[in-house]
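Heavy-atom basis, side chains included; hydrogens, waters and symmetry copies ignored.
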Amino acid sequence: MTIRSAGILLHRTSNSGELQLWIAHMGGPFWARKDQHAWSIPKGEFLDDEDPLVAAKREFAEEIGSAAPAASYELLGVFRQPSGKLITAYAAEATDFQPEQIISNTFPMEWPKGSGVIKDFPEIDDARWFEEAEARTKLVKGQLPIVDALVRHLGGESL
């Protein structure tokens with residue numbers, strides 16, 4: 001059975017005219033000391049009978065701690081990840097989106113591995129705006145086609 005996720009890629013244009021993307025650093029001990037290719041669009045799994053946009057907005061709120069902004073959401077497409085997971089990605093312009101803090105839901109995990117101790121870790125431990133070129137170095141590689149689709153959608157050329 002294929003795992004399906006839905007996510008939101010917010011974008012805006014900086015004062016200097018640069019495309020900026022809102023992305024999130026993945027939480028937990030595996031990602032704790034990683035920065036390059038350790039960020040993701042806010043996303044999460046959804047069920048077959050669930051509307052992907054509704055799921056994307058729910059997952060955004062759970063991971064960021066703020067509701068997805070009121071905006072016009074556009075489907076960018078469905079993107080297969082190296083793991084086989086399918087991400088249904090939406091984009092929206094959100095010029096004023098800037099939550100005061102990131103409060104993510106958590107997941108339980110044995111840590112340190114083999115210790116028998118279960119700890120809770122945030123799914124997301126940071127999220128912020130990055131200019132497109134820097135966001136491309138931070139996003140997990142499998143999500144770069146989502147950025148390419150956004151750039152095409154906005155009428156530009158991918159880097």
Side-chain angles (χ1 to χ4, degrees), residues 3-14 18-47 50 52-71 73 76 78-151 159:
I3 297 174
R4 299 181 328 141
S5 287
I8 293 174
L9 179 57
L10 297 180
H11 63 90
R12 68 182 185 188
T13 303
S14 70
E18 295 292 324
L19 175 62
Q20 294 182 326
L21 308 173
W22 176 263
I23 59 174
H25 186 266
M26 293 181 275
F30 178 79
W31 301 104
R33 291 180 178 81
K34 296 178 178 158
D35 188 54
Q36 189 172 23
H37 304 299
W39 295 66
S40 174
I41 68 170
K43 63 172 179 42
E45 294 180 16
F46 69 99
L47 303 174
E50 191 175 9
L53 181 56
V54 171
K57 289 179 177 180
R58 178 195 68 236
E59 293 295 328
F60 186 97
E62 288 178 3
E63 291 191 346
I64 301 302
S66 298
Y73 288 87
L76 292 176
V78 178
F79 303 86
R80 182 171 297 280
Q81 300 302 286
S83 66
K85 179 189 288 189
L86 296 175
I87 298 175
T88 302
Y90 296 88
E93 185 173 21
T95 55
D96 295 329
F97 183 75
Q98 189 63 55
E100 290 184 21
Q101 59 183 346
I102 306 302
I103 304 172
S104 179
N105 55 343
T106 61
F107 65 93
M109 184 173 133
E110 180 184 25
W111 192 256
K113 188 174 181 173
S115 69
V117 177
I118 304 296
K119 295 182 180 179
D120 286 328
F121 295 96
E123 285 193 35
I124 297 299
D125 60 22
D126 191 9
R128 56 186 125 129
W129 291 103
F130 290 100
E131 290 190 359
E132 177 193 357
E134 186 174 6
R136 286 177 178 276
T137 69
K138 292 185 177 296
L139 279 169
V140 292
K141 291 178 182 179
Q143 292 182 18
L144 294 177
I146 298 171
V147 178
D148 294 338
L150 172 64
V151 170
L159 290 177

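In this structure, Ile64 CD1 and Glu62 CD are separated by 11.5 Å, a value rounded to the nearest 0.5 Å. Taking CD of Gln20 as the start and OG1 of Thr95 as the end, the distance is 11.0 Å to the nearest 0.5 Å. In this structure, the separation between CD on Glu134 and CD on Glu18 is 11.5 Å, given to the nearest 0.5 Å. Annotation: the span from Met26 atom CE to Trp39 atom CH2 amounts to 10.0 Å, rounded to 0.5 Å. One distance of note links CD1 of Ile41 with CG of Leu150; it measures 10.5 Å at 0.5 Å rounding. For the atom pair Lys138 NZ and Gln36 CD, the distance stands at 8.5 Å (nearest 0.5 Å).
In plain terms, the two heavy atoms of Ala55 and Ala6 that are nearest each other are CB-CB, 4.3 Å. Nearest heavy atom pair, residue Arg80 against residue Gly84, reads NH1-O, 3.0 Å. Gly28 approaches Phe107 most closely through the heavy-atom pair CA-CZ, 4.1 Å. Closest of all the heavy-atom pairs between Leu144 and Arg136 is CD2-O, 3.5 Å. The two residues Gly7 and Ala56 make their nearest non-hydrogen contact at N-CB, 3.8 Å. The minimum heavy-atom distance between Ala68 and Lys57, with the atom names listed, is CB-CG, 4.2 Å.
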Side-chain donor-acceptor pairs of residues 114-128 under 3.5 Å, sequence neighbours excluded:
unit_1, atom_1, unit_2, atom_2, d
Ser115, OG, Pro112, O, 2.6
Ser115, OG, Val117, N, 3.1
Glu123, OE2, Asn105, ND2, 3.1
Asp125, OD1, His25, ND1, 2.7
Asp125, OD2, His25, ND1, 3.4
Asp126, OD2, Arg128, NE, 3.0
Asp126, OD2, Arg128, NH2, 2.5

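Using a distance-only test at 3.5 Å, with no hydrogens or angles considered, no donor-acceptor pair links the side chain of His11 to the main chain of Leu21. No donor-acceptor pair closer than 3.5 Å links the side chain of Gln143 to the backbone N or O of Val140. Trp129 places a side-chain N or O within 3.5 Å of a backbone atom of Phe97 that can act as its donor or acceptor partner.
No close placement of the Phe60 and Tyr73 rings is indicated, their centers lying 6.0 Å or farther apart.
Scored by the side-chain hydrogen bond (donor to acceptor under 3.5 Å, both in side chains) test, Thr137 finds no partners at all (sequence neighbours excluded).
Taking 4.5 Å as the limit, some side-chain heavy atom of Val147 sits within range of a side-chain heavy atom of Glu132.
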*Could you walk me through whether Lys43 and Glu59 pass the side-chain contact (heavy atoms from CB on, under 4.5 Å) check?*
CA-CA 6 Å; Lys43 63 172 179 42; Glu59 293 295 328; 5.7 Å; no
